[in-house]
Structures are given as C-alpha cells and as structure tokens.
Amino acid sequence: MSKSYQAIVVGAGPAGSSAALTMARAGLDVALVERGSFPGEKNMFGGVLHRMPSLEKIFPDFWERAPLERHIVKKGVTFMTGESCFSTTIEAGNYDRPPYNGYTIFRPSFDRWLADEAVAAGATLITRATVDDVVRKDGRISGVSIVGRSGQLHAPVVVAADGVLSFTAQKAGLRKATFDPAQMAVGVKALIDMPREMIDDRFGLVRDQGFANEFVGCTEGVRGGGFLYTNYDSLSVGLVFHLASLRTSGKTPYDLLNAFLEQPQMAKMVCGGRLQEYSAHLIPEGGYDMIPELVGDGILVTGDAAAFCNATGLNLEGINLASHSGVVAGEAVIAAHRAGDFSRYGLSSYKKMLEESFVIKDLKLFRNAPHMLHNNRIYQEYPEMMCSFMENIYKIEGAPKQSVTRQFLKSAKEKVGLGKLLADGFSAWRSL
Amino acid sequence: MNIDEIFDNTSFTIDREAHIVLDYDVCTGCDNRGCVNSCPARCYSWSEDEQKMTFVHDGCLECGTCYVVCHRNAFTRWRYPRGGFGVAYRMT
C-alpha cells in the first residue's frame, strides 16, 4: 500500500527526529522512517552530548526533559604507553553549574525520547522499515521504497538522515558511490556496569557529576584513540580507529580493546565492573572536504549522512551538528511548502542557513585537522615521549640533575626526533 | 576481560536472509583482505589452507567497516537488515 505525506524523513536519529519535530510543529504531515524496532536501537556513540542550541530553542526545558546521565565536570587527556600514562585534567566550577557543558547519554534512550517528541508534535513514526531506494518522478525525488514491503512512501521532499553510510543520499546521486577509508573511523565500545558509589569514589565525583577522558597511545600504533565516560552506574570505554590505518595494521578492534582494558592503569579504572554490551559504529571523520551535495531536487541531506562530524582531536562533536542540521532542514522544507517549490532552488535556504551556522563554520575552520591527525607519530611516538619526559622529571636517584629543557630534548630526540617535532608542532598549530 | 565474552553480550534478532552477500571469487583474488582484521564483529575469516573466505552475517554490528574497507567491491549485496532485524543495542 502506498501512502503520501508532505515530507518523509529517513532515519530517526538526532538529525531525523529534529527535522521531523520541526516540521510537525509547523503542522506538516511528516513520516519519520526508522529501520530499528525503536529509534536508537541501532545507534551508538562515544560520548558526550554538548550544548544543543537548536533543541534548547524548541524546548526551553530541554535539559530537564531529555533522558540524560551525568553532567561532565571533569575532562581529561591521557598519553598512554604499554605501562605508563601521563594525564592532564581540567575540572572547572563552571562545568558544575547550569547550563552544563556536556552530558553522557545512552542513545537507545535519548534517540527514542527525541523521536517521541516528534510523534507528540504530530509526526508519524514508522519503525522496522529499512529504506532501500528513492522514488523518482519527473527527474526529482518523490518518495522512498522499503525493503520487504511492496508499497512506497510518497512526498514532495525527502530528508536523508539515515546516518554515515546514507544509501538514500547515494541513490539520489548526492554522495559518491564509494567512501575513502582515510575519511572514516570505526568506534568500538564496551559498556561496563559498575555501582554508582564505586564510580563516584574512583573518579572523585559527587551528586550527578561526570568524568570524560580521552586517550592517545592506546592503539598499538594504529591511528586512533580511546575514551572513557562515566554514566550513572556504568562506564563507556572504547577505541576509535582510522579505517585506512586499521585496515593495513593487521590488528583487530576487539584485541586492541582488550589490550586497552588490560593496560595496568586502565585495568584499575575498570576493575570491579561487568561487561554489559559491545557495540561498533562508523564515524565520518573527513571533515569539511567530505561533505556531499547537501541539496537535490526534492531531497536534503543531514547529520552523519552529510558528514557533519567535527573530530579535531580535542573535541568530538556530531549530535549537536546533526540536530542543528535537522532543525534547519525542517525549516527549509517548511519554506519550500509555503512557496510550493521543492526543486534544489526551492530548498536552497537549507544550505545557506547551514553556512551561516556553527555547523559549516566550524567544519571549515578545522578543515585541515583531519590531515594533521593522519600523522602516525601522534599515536605512538608522542605519547611515549610525554611519558618518558614526565617519568624522568620526577626521577630522583642521587645522580646530578639535568635541566628540564635538556630532559625534554632528550626524550624528544629519543622518541620522535627534533626535526619532526618542529614540523609536527607547526602543522598542529596551523590546523587548530 | 575475556574477548570471547564480549560478543555474547550484545543482542540480535537474526534474519535468515543475509543482508550482506559476497562474491567469494573476488575475495580469493584480493591482495588486501582488510575486512578480516578490521571487522569489529569478526564476521570475516580467511582460510590460508583452502584459500577461501568465510562470512557469517549473524553477529554483524551493522557498522559498515567492511563496506568502506573493501577496495574490490566484493559485495553482490550490502544493505542494512530488514526492518526489525539485526543488532539491538540496549544501553550504548
């Protein structure tokens, strides 16, 4: 059976549900199509939900409404070797006062909640529906077809929010047929159950405070990094690898994850926990240069499908960009309905609004970060240099001391090489 | 942590119909086979003796790593499972 709507959104993640919510609130008849048996069932992420400007505008009480875990008061970076680690953390009073800078969340709860808000606003949620193609009429996109179902869904406009591999955008001819492994990363994660009091004591937290830590040097030379985030009564611990590097390394994600969890300092942090769930997902890490065509006749591309992910090495953002792009896509569709023009020209306000927002501006600003992060030394030599330098600084063994500068140069020379250190420093400064 | 245990903790509703289908001849002629080590769910295994690739879709986490890593496009089908099937995350 075929059905008609005023708009179809493919994928009920943060981008799709934000788009459906925006359109439904404006009175449009929207179908929100999700392949999972509920929204969020297929989704995982590393980490932290940052400020959500567009959703905060829709829901002034967003932070009370959304299902959140702990707010992050402490952020850290750890340089790790097989048996040492050197960490820096920032814990700020401002992070412990509203508006909080970030929260840990569970995607199966958060995504489900956001989709429910779209439904409450009037959107039609269709779950267990895997979209496998777009429908065309007179050269423009006019709907989608679903695996195993004979009918099609029709609408004058489709919002592709179907995630990192976006087959919807591909079928519409908006993204390239193949991906470059150099622009993709895979994240694997272990969800580890741990009593709340144990987490509070171990990481120095009280009330609903949370801790977020990133790790470098924990991937046996594969380009990538690690993370540890505290939920109320569990830890999210995982690794992210650049696919171009993982593919040729011969190493497996689960063995590396196991080694990470068994690294002596790490083992102390997860000790006493119980493994609950293992998950994996791709991350579009190519930045600005990876963005596909965003607008076609009768179609818009949002969220991960549009590679809206900012991985600079310091911050990892995606959901905030996804949600904002979804809201803006919704607004563009509303304008197109008013004008009765669903061509790429009628929908072009989407691109314009994005270019004026933090989504495209930030991706442009950090355009070179993905290239800088392709430097293999960051993932082994530098963590080793940092650890050996710090280890020597605190070593007091009765021999005459060397100046700090000398010690630094010694570690740098041994582990990296001075010329490379200068070149890398320059490249990092340029891209950040 | 025990690695074999890791895979037992994730829930699936397995579809009999595979959502990923390989042309194994392409795999046999491949010079890279990055899928074997890169797949986070160990769905791919290569037998050096038999010169044969084996793929099992059962434990697939639907991440897309193989889709990106395979430079020979060995897939005669690569799509997500039918609605309601496949991996079901509860609290990730």
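Quick caveat, the model's predicted, so the values are computed rather than measured. Each chain gets a letter, A, B and so on, in the order its sequence line appears, and its residues count up from 1.
For residues 38-47 of chain A, heavy-atom neighbours of chain B at less than 4.5 Å comprise A:F38, A:E41, A:K42, A:N43, A:M44, sorted by residue number. Below 4.5 Å, heavy atoms of chain A meet heavy atoms from B:N9, B:T10, B:N32, all part of residues 9-33 of chain B.
Checking side-chain atoms of A:Y278 against main-chain N and O of B:P40 turns up a donor-acceptor pair under 3.5 Å. Judged by distance alone, the side chain of B:R79 and the main-chain N or O of A:F167 form no donor-acceptor pair under 3.5 Å. No donor-acceptor pair under 3.5 Å is formed between the side chain of A:R247 and the backbone N or O of B:G34. Side chain of A:T130 to main chain of B:G83: a donor-acceptor pair is present (N/O by atom type, distance under 3.5 Å, no hydrogens or angles).
Looking only at heavy-atom pairs under 4.5 Å with chain B, the residue among A:N231, A:I105, A:T252, A:D132 that has the most is A:T252. Of the listed residues B:S38, B:C35, B:A88, the one with more heavy-atom pairs under 4.5 angstrom with chain A than any other is B:S38. Per-residue heavy-atom pair counts under 4.5 Å with chain B were compared for A:G250, A:S37, A:S236, and the maximum is reached by A:G250. Options A:E34, A:K189, A:M184 differ in how many heavy-atom pairs under 4.5 Å they form with chain B, and the most are formed by A:K189.
Only the backbone of A:A129 has a heavy atom closer than 4.5 Å to any heavy atom of chain B. Of the atoms belonging to A:A259, not a single heavy atom falls under 4.5 Å from chain B. Both the backbone and the side chain of A:L282 have a heavy atom closer than 4.5 Å to some heavy atom of chain B. Using a 4.5 Å cut-off between heavy atoms, A:Q170 touches chain B through its side chain atoms alone.
Between A:L165 and B:Y80, the closest side-chain pair of non-hydrogen atoms falls below 4.5 Å.
Rounding to the nearest 0.5 Å gives a distance of 8.0 Å between OG1 of A:T178 and OH of B:Y67. Atom SG of B:C39 is separated from atom OH of A:Y254 by 7.0 Å, given to the nearest 0.5 angstrom. Atom CG in A:L257 sits 4.5 Å away from atom CD1 in B:I6 (nearest 0.5 Å). Rounding to the nearest 0.5 Å gives a distance of 14.0 Å between CZ of A:R35 and CZ of B:R82. Note: B:R90 CZ to A:E277 CD = 4.5 Å, rounded to the nearest 0.5 Å.
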| message | Run the side chain to side chain contact (heavy atoms under 4.5 Å, CB included) test on A:V188 and B:L61 for me, step by step, so that the C-alpha distance in whole Å, both residues' side-chain angles and the decisive distance to 0.1 Å come before the verdict. | response | CA-CA 10 Å; A:V188 293; B:L61 296 167; over 6 Å; no
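Here the shortest heavy-atom pairing between A:P108 and B:Y89 reads CG-O, 3.6 Å.
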